[in-house]
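Inspection log for the structure reproduced underneath, given as structure tokens.
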Amino acid sequence: MHKMKKWMMLACMFAVAFVLQPQASEASEYVTRGEFVQQLITTLGVDIKSEVKDLPFTDVDPQLAPYVEAAIRLGIATGKTETTFAPNEKITREQAYVFLIRSLQLRHHYATNVFKLYQDGATTKPWAQQSLAAALHLGLLQGYSDKTIRPQQWLTAEQTKAILKRYETNIEKITFIHTNDTHGRIIANEKNGEMGFAKIAKIAQDARQKNKQTLLVDLGDTFHGTTYVNLNSGQAVVDLMNAMKYDAMVPGNHDFNYGQNRLLELKQAVQFPVVSGNIYKDGKPFLPAYTIKQVGNKKIALVGLTATDTAVKTNPAGIVGITFADEEATLKQLVSELKGKVDHIVVLSHSGLQTDEKLANNVSGVDVILGGHSHDTIEAPKKFKYAYVSQAFEYGKALGQTNLLFYKGKLIGVNGFLYRDHATKQEDAAIRSIVDTYKNTTDSTLQQVIATIDVNLDGERANVRTKETNLGNLIADAMRQALQTDVALTNGGGIRASIPQGEVTRNHVLTTLPFANTLVKVSMSGADLKKALEHGVRLYPEQNGGFPHVSGIRFTFDATKPAGSRVTSVEVNGQPLDETKTYTVATNDFIAKGGDGYDMFAASNIEFDSGELLSTVVMNYLQAQKPIPTVEDRITVVNQ
């Protein structure tokens with residue numbers, strides 16, 4: 001009985017397909033691989049590069065190259081060989097449907113027994129069977145009246161138009177435009193590839209015009225990071241996000257940088273929900289765990305999660321009484337709570353890619369995880385056991401578009417891409433006006449030149465979190481001199497940008513050291529100082545915000561030894577470290593209170609809090625024209 005019903009359903013599909021599919025005109029012009037890829041990428045709305053210089057194919061002209069690059073990047077197409085794409089070769093119907101189905105990033109496979117309905121179904125090549133079966137089940141591929149699908153027939157222009165029209169008609173989309181880790185980069189910076197909020201707003205506005213079922217969300221580390229937002233404690237970002245009509249956000253660890261009370265004030269000031277389900281204050285929820293959005297005929301739950309390591313990645317003074325529950329346990333509980341109340345669950349995560357992938361593999365009931373915190377670049381959503389994961393780099397250098405795809409009301413796949421800055425990107429005039437207002441208010445003081453330097457000071461994220469740099473040395477020297485301590489230690493995660501050679505402005509320093517950290521003096525034993533160095537290099541060669549930059553110290557560590565036993569020698573001002581001796585240490589109040597996991601500092605007494613911002617200490621050092629250190633083997637790595 002079950003088999004009979006199954007074949008009756010297939011027969012119905014078969015009959016409908018033959019009625020709907022017209023005969024192709026034999027006189028139709030054939031389509032090439034290059035032409036089909038260009039039309040498919042255009043139909044998908046993928047943001048393409050203005051020019052492509054590094055494409056490996058020698059047979060792709062400059063006009064077609066951006067479309068081919070996008071298709072390769074998104075996993076839609078491959079080259080014929082390592083150096084040829086064959087853009088001028090005719091494309092078969094079979095090949096075209098493989099490209100189309102790849103673009104959908106489907107959740108499941110579809111039964112290939114549907115080929116039994118067609119006289120030539122068996123002529124479909126093995127590598128294309130799954131794709132063509134999916135295309136048949138989704139109504140994207142329709143049979144001819146002579147009971148054939150003709151997979152090996154050359155594709156015509158008329159057929160291409162029909163295929164792409166069926167895609168637009170059959171597949172419903174709910175679109176998410178998502179930002180993460182903008183860190184206050186509200187102003188466009190063409191040199192750095194930072195789009196700025198005015199361009200992001202225009203992209204979001206255009207996406208909403210194309211598809212009314214579009215949500216704009218943020219994945220955290222948003223309110224703090226550059227002088228233009230730090231000087232107003234995040235109000236500039238509030239005004240911009242309200243004007244852009246964000247639908248929801250999750251706070252990141254650095255959104256606590258102004259303290260928990262200020263974050264609650266910002267939450268009240270924004271005109272959209274700020275959600276996170278795993279933050280507790282004195283055992284009670286600190287924020288709503290989720291918000292439910294009605295999108296078309298679907299109820300979508302947006303569940304927030306904030307990184308558990310926020311406890312060591314923001315100033316401990318700002319999160320007194322706050323705890324961060326395990327993300328997986330929290331999400332499982334919330335999924336259970338939402339069961340039957342919503343159609344789909346999308347997680348807004350500021351927990352990092354490693355955690356997001358774990359959640360996507362371990363928590364059923366979640367469809368998509370939009371992430372931040374780890375600053376990863378995911379060109380197209382990645383499929384895991386239960387959910388898809390996406391993330392859009394950092395600082396507005398990329399902007400995510402993730403589409404939930406539906407066929408007859410059922411979620412069938414998730415696709416998407418990243419937008420990047422280029423010459424064709426336009427700005428939203430209203431948002432640009434808000435940006436300019438804040439920019440003009442602060443520029444007069446920020447552009448004051450405080451020094452001139454003849455070298456670039458290296459504050460690149462990947463460098464200050466893994467090795468000694470001249471900028472890290474300069475900051476540590478400035479700290480040590482200001483308090484006249486034996487040594488100084490600061491964390492690489494507090495260094496947020498390089499300072500270019502030439503005239504140095506206040507803005508340069510404030511962008512490099514954006515946190516409201518003050519310079520403090522502590523006393524600690526040589527044994528604890530060595531523990532601090534061990535802690536700082538424990539994750540090497542992985543990037544680590546706690547990587548130490550030092551003054552008055554030279555130390556060597558062995559990268560092959562286990563964490564906690566890596567430091568092989570330490571000198572303090574030219575003398576071997578005495579673990580029984582007490583040393584004075586200049587550091588920042590974040591580290592002094594146990595930030596970045598430096599618990600050995602938290603156990604020490606803060607003898608003196610200067611009240612001076614670290615940025616001010618560095619400005620004073622530069623204005624005094626003190627010597628700029630080089631990379632001088634304060635930190636030596638052996639057996640890398």
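Just so you know, these numbers use all the heavy atoms, side chains as well, and skip hydrogens, waters and symmetry mates.
Within the 3.5 Å criterion, the main-chain N or O of A387 finds no donor-acceptor partner in the side chain of D367. In terms of modelled atom types and a separation under 3.5 Å, the side chain of S336 and the main chain of K332 share no donor-acceptor contact. With hydrogens and angles disregarded, a donor-acceptor distance shorter than 3.5 Å links the side chain of D255 to the backbone of G252. Here the side chain of R102 pairs a donor or acceptor atom with the backbone of I76 at under 3.5 angstrom. A donor-acceptor contact shorter than 3.5 Å links the side chain of Y388 to the backbone of Q105. Counting only distance, with no hydrogens or angles, the side chain of S374 and the backbone of L353 share a donor-acceptor pair below 3.5 Å. Formation of a donor-acceptor pair under 3.5 Å by the D356 side chain with backbone atoms of V389 is not found in this model. No donor-acceptor pair closer than 3.5 Å links the side chain of K199 to the backbone N or O of D421. Side-chain atoms of T314 never come within 3.5 Å of backbone atoms of T310 as a donor-acceptor pair (strictly under, hydrogens ignored). Under the 3.5 Å distance criterion, the side-chain polar atoms of N361 are matched with a main-chain donor or acceptor of K385.
In this structure the side chain of V368 never reaches within 4.5 angstrom of the side chain of F176, judged on heavy atoms. N192 places none of its side-chain heavy atoms less than 4.5 Å from the side chain of Y395. Using a 4.5 Å heavy-atom threshold, the side chains of F286 and L264 count as touching. Residues L155 and I163 are in side-chain contact: their nearest non-hydrogen atoms beyond the backbone lie under 4.5 Å apart. Put simply, the side chain of Y110 reaches to within 4.5 Å of the side chain of I412, judged on heavy atoms. Taking the side chain as every heavy atom from C-beta outward, V270 and N242 approach each other to under 4.5 Å. Side-chain contact between D120 and R150 is present, with at least one heavy-atom pair separated by less than 4.5 Å. Side-chain contact between D181 and Q391 is present, with heavy atoms from C-beta onward closer than 4.5 Å.
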Worked verdict on E337 versus Y290 for side-chain contact (heavy atoms from CB on, under 4.5 Å): CA-CA 11 Å; E337 180 181 328; Y290 56 81; 2.8 Å; yes

For a side chain to side chain donor-acceptor pair (under 3.5 Å) check, start with the C-alpha distance between S103 and Y167, then their side-chain angles and the critical distance, and finish with the verdict. CA-CA 11 Å; S103 77; Y167 162 76; 5.9 Å; no

side-chain contact (heavy atoms from CB on, under 4.5 Å), that's the test. Do V342 and I300 meet it? Break it down for me. CA-CA 6 Å; V342 299; I300 310 289; over 6 Å; no

Decide yes or no on ring-ring contact (aromatic ring centres under 6.0 Å, His included) for H375 and H183, but give the supporting numbers first. CA-CA 11 Å; H375 297 230; H183 288 274; 5.3 Å; yes

Criterion salt bridge (Lys or Arg N to Asp or Glu O under 4.0 Å) on D376 and K382, from CA distance to verdict: CA-CA 12 Å; D376 281 289; K382 293 173 64 176; over 6 Å; no

Evaluation steps, side chain to side chain donor-acceptor pair (under 3.5 Å), between N180 and H350: CA-CA 8 Å; N180 63 275; H350 192 88; over 6 Å; no

Kindly determine whether E94 and L132 satisfy side-chain contact (heavy atoms from CB on, under 4.5 Å), including the steps that lead there. CA-CA 7 Å; E94 178 179 71; L132 267 66; 4.2 Å; yes

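Screening residues 397-408 for side chain to side chain donor-acceptor pair (under 3.5 Å) gives T175-N403, H178-T402, E394-K397, Q401-N403, Q401-Y419, N403-N415 as the qualifying pairs, with residues at least two apart or on separate chains.
At a threshold of 4.0 Å, the pair E327-K358 does not count as salt-bridged, since none of the basic side-chain nitrogens sits closer than that to a carboxylate oxygen. Under 4.0 Å is where a charged nitrogen must lie from a carboxylate oxygen, and between D47 and K425 at least one such pair does. Using a 4.0 Å cut-off between charged nitrogen and carboxylate oxygen, R420 and E379 count as a salt-bridge pair. We find that D309 and K313 are joined by a salt bridge, their nearest charged nitrogen and carboxylate oxygen being less than 4.0 Å apart.
Nearest heavy atom pair, residue E82 against residue P56, reads O-CB, 3.8 Å. Closest of all the heavy-atom pairs between T214 and A207 is OG1-O, 3.5 Å. The two residues F393 and A398 come nearest to each other via the heavy atoms CB-CB, 4.0 Å. Contact record, V37 with A71: CG1-CB, 3.7 Å, taken as the closest heavy-atom pair. Contact detail for G139 and N170: the closest heavy-atom pair is O-ND2, 3.1 Å.
Within a 6.0 Å sphere centred on CD of Q209, other residues, nucleotides and ligands contribute more than 12 heavy atoms. When the shell of 6.0 Å around CD of Q152 is examined, it contains more than 12 heavy atoms from other residues, nucleotides or ligands.
Y246 OH to I177 CD1: the interatomic distance, rounded to the nearest 0.5 Å, is 10.0 Å. For the atom pair CG (L55) and CZ (R73), the distance works out to 11.0 Å, reported to the nearest 0.5 Å. The OG1 atom of T179 sits 14.0 Å away from atom CZ of R185, with the distance rounded to the nearest 0.5 Å. In this structure, CG in D218 is found 7.5 Å from CZ in F223, a value given to the nearest 0.5 Å. Taking CG of L64 as the start and CD of E35 as the end, the distance is 9.0 Å to the nearest 0.5 Å. Within the model, atoms CD of Q205 and NZ of K202 stand 5.5 Å from one another, a figure rounded to the nearest 0.5 Å.
Applying the side-chain contact (heavy atoms from CB on, under 4.5 Å) test to K90 and every residue at least two apart in sequence or in another chain returns Y30, W154. With sequence neighbours excluded, the residues that form a side-chain contact (heavy atoms from CB on, under 4.5 Å) with S276 are V250, P251, N278, I279, L287, T306.
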